[in-house]
There are 2 protein chains.
Amino acid sequence: MHILVHMVETREHALTSEQLATFIHTNPVVVRRTIAGLRDAGIVTSSRGHGGGWQLGRAPESISLAEISAALGETLLPFSSEPESPGCLVEQAVIAALDDFRVEAERLLAEKLSHITLADLAADFRRRYELIGVTSHAV
Amino acid sequence: MHILVHMVETREHALTSEQLATFIHTNPVVVRRTIAGLRDAGIVTSSRGHGGGWQLGRAPESISLAEISAALGETLLPFSSEPESPGCLVEQAVIAALDDFRVEAERLLAEKLSHITLADLAADFRRRYELIGVTSHAV
DNA sequence: TTTCATGTAACTTAAATAGTTACGAGTCTT
DNA sequence: AAGACTCGTAACTATTTAAGTTACATGAAA
């Protein structure tokens, strides 16, 4: 997300993996590896060679957090349910009951995330940025 | 959860760490370590010595999944937000926006989990158990 | 007193994640 | 055409976290 908002703020030109890596204090290769999913989903585009790098693939208003999360292959909940004792009826019942919860919870979270767009986050940044600016002038 | 439902089904006597470990194919020490939080929360009780072991601390109707989750120190969402670049306004805005989501999402999940009790899971097991029984007779 | 069980520290092992190096392939500038 | 630049990706190493193990002290029942 951090990287993506930076891209919104720099829409005119591409940012290299190296620059993006600096933002989040990591390695260019880690960045490429991580956001490869975003590229495959069309959320960002990459170009090689001189002047190349990464840019948003489309308007930030059309990019929801739900889509980003899915493109990155993130899970929305920190647990899954794989049987450890296949055949144990207790376990089967537990898994079934928790799966009902899991499915609904994931639907709920995805719904919420689909209403937040990259543009919203960028606007939030703008707002803060101008607020700080005013404060700085006042002080 | 698997272990806890077993405890519901065996309320009359205590189960040893060894027995519990067998259910989930792991080690007695891992079990003790893991459910220590449940003991501290009064959800289960443990007793030493001959005939000792683990038992439910109170009625399964009064034990919600939300409480179990909290007692185990589980997080409901698979991400937190610790600044990597303190001072970066972009990051601050992203964290703030995502925190809004996180707080509400956690509240929502906890609310859902607070309505599911251990007794519900145990009842689900009972239902399945009797269903299988009938099927077995039919076949 | 012996046996059984938890409580916990300390250590080892295993798995997942992150970071690094290296180099091929494409692209722009001169 | 040459050189500089950047992504794509494989292969490897390092780090971190969780799980598993061993050992033993503590407490309770037979």
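Below, chain A is the first sequence line, B the second, and so on; all start at residue 1.
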Sort me out a list of protein N/O and nucleotides 28-30 of chain C N/O pairs below 3.5 Å, or just none if empty.
none

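- Of the possible polar contacts, none joining the A/Glu67 side chain to the A/Ser114 backbone as a donor-acceptor pair under 3.5 Å is found.
- Relative orientation of the A/Phe125 and A/Tyr129 rings is tilted, given thresholds of 30° and 60° on the angle between their planes.
- At the phosphate of D/dG8, OP1 or OP2 sits under 4.0 Å from a side-chain N or O atom of A/Ser46.
- In this structure, A/Arg33 atom CZ and D/dA11 atom P are separated by 13 Å, rounded to whole Å.
- Clustering ILVMFWY residues whenever any of their side-chain heavy atoms sit less than 4.5 angstrom apart, transitively, puts B/Leu77 in a cluster other than the one holding B/Leu108.
- In this structure, the CD atom of B/Gln55 is 14 Å from the P atom of C/dA5, given to the nearest Å.
- The CG atom of A/Leu72 sits 12 Å away from the P atom of C/dA18 (whole-angstrom rounding).
- Atom CD of B/Glu12 has more than 12 heavy atoms from other residues, nucleotides or ligands within 6.0 Å.
- Each of D/dC7, C/dA10, C/dT8 was ranked by its minimum atom distance to the side chain of B/Arg32; first place goes to C/dT8.
- Looking at A/Glu106 and A/Arg102, a side-chain N of the basic residue comes within less than 4.0 Å of a carboxylate O on the acidic one, giving a salt bridge.
- A donor-acceptor distance shorter than 3.5 angstrom exists from the side chain of B/Gln19 to the backbone of B/Thr16, with no hydrogens or angles considered.
- Going from atom CG of B/Leu38 over to atom C1' of C/dT6 covers 15 Å, rounded to whole Å.
- Under 4.0 angstrom from either OP1 or OP2 of C/dT8 there lies at least one side-chain N or O belonging to B/Arg39.
- Residues from residues 17-31 of chain A that place a heavy atom under 4.0 Å from any atom of DNA chain C, listed by number: A/Thr26, A/Asn27, A/Val29, A/Val30.
- Nucleotide C/dA5 holds its C1' atom 11 Å from the CH2 atom of B/Trp54, rounded to whole Å.
- Within a 6.0 Å sphere centred on CZ of B/Phe23, heavy atoms belonging to other residues, nucleotides or ligands number more than 12.
- Residue B/Phe79 qualifies as enclosed at atom CZ: its count of foreign heavy atoms under 6.0 Å is above 12.
- Counting heavy atoms from C-beta on, the side chains of B/Lys112 and B/Ile116 never come closer than 4.5 Å.
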